[in-house]
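Reviewing the structure listed below.
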Amino acid sequence: MTTTCPSGQHSHHDVYAAQCPCRALLDLLANKWSALAIGALEDGPQRFGELRRRLQGVSPKVLTQTLRRLEDFGILDRTVYPAVPLHVEYALTPLGQSAAIPLNALRSWVEGNIDHAFRPEPTAT
């Protein structure tokens with residue numbers, strides 16, 4: 001699907017075109033940790049530690065990088081509350097909430113179809 005680029009940077013958006021800026025957003029949303037972080041934030045704002053516990057297996061470094069990229073693209077907001085110790089919460093923006101809908105469907109599809117996805121190769125006799 002192609003649409004006219006409102007920024008005027010190029011004639012249209014085409015995710016299949018190598019130079020289209022859509023690719024960077026697709027890359028971000030197709031990333032496992034991004035998709036899972038967005039899903040975790042569907043339940044409401046969360047602190048870093050809560051997200052890290054929810055996203056089992058993510059390192060603090062990777063989670064930090066993921067959250068920064070999501071913030072840079074306007075998918076989530078980072079709010080710092082002045083307290084001792086500092087209280088930081090992450091929440092989906094309206095853009096992030098709209099991205100959560102198809103990502104939720106994808107996660108549900110994966111959970112419902114994982115048993116059909118891996119077929120062991122027959123062993124040679």
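Only heavy atoms go into these numbers, but all of them, side chains included; no hydrogens, no water, no symmetry mates. Along the sequence shown, the residues carry numbers beginning at 1.
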Taking side-chain hydrogen bond (donor to acceptor under 3.5 Å, both in side chains) as the definition, give me every residue that meets it alongside Thr79, ordered by chain and number, with sequence neighbours left out.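 Partners of Thr79 by the side-chain hydrogen bond (donor to acceptor under 3.5 Å, both in side chains) criterion come out as none, since no residue qualifies.
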[X] side chain vs [Y] backbone, donor-acceptor pair below 3.5 Å:
X: Gln46; Y: Ala40; result: yes
X: Thr93; Y: Asp77; result: no
X: Arg47; Y: Glu89; result: no
X: Asn31; Y: Ser34; result: yes
X: Asp27; Y: Arg23; result: no

Hydrophobic cluster membership, with links at side-chain heavy-atom distances under 4.5 Å among I/L/V/M/F/W/Y: are [X] and [Y] in one?
X: Leu67; Y: Leu95; value: yes
X: Leu26; Y: Tyr16; value: yes
X: Leu25; Y: Ile101; value: no

Close side-chain approach of Glu42 to Asn104, heavy-atom, < 4.5 Å: yes
If you look only at pairs with a residue in residues 53-73, which of them pass as a side-chain hydrogen bond (donor to acceptor under 3.5 Å, both in side chains), with sequence neighbours excluded?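 Non-adjacent pairs meeting side-chain hydrogen bond (donor to acceptor under 3.5 Å, both in side chains): Asp43-Arg54.
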How long is the straight-line distance from [atom2] of [Y] back to [atom1] of [X], given to the nearest 0.5 Å?
X: Leu92; Y: Leu70; atom1: CG; atom2: CG; answer: 8.5 Å
X: Trp33; Y: Leu51; atom1: CH2; atom2: CG; answer: 11.5 Å
X: Leu103; Y: Leu36; atom1: CG; atom2: CG; answer: 9.5 Å
X: Ile75; Y: Tyr90; atom1: CD1; atom2: OH; answer: 15.5 Å
X: Arg78; Y: Phe48; atom1: CZ; atom2: CZ; answer: 10.5 Å
X: Leu29; Y: Cys22; atom1: CG; atom2: SG; answer: 11.0 Å

How would you list, by chain and number, every residue that makes a salt bridge (charged side-chain N to carboxylate O under 4.0 Å, His left out) with Glu50, sequence neighbours excluded? none
Please find the pair of heavy atoms, one from Leu86 and one from Tyr81, that lie closest to each other, and give the distance.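 That closest heavy-atom pairing would be CD2-O, 3.7 Å.
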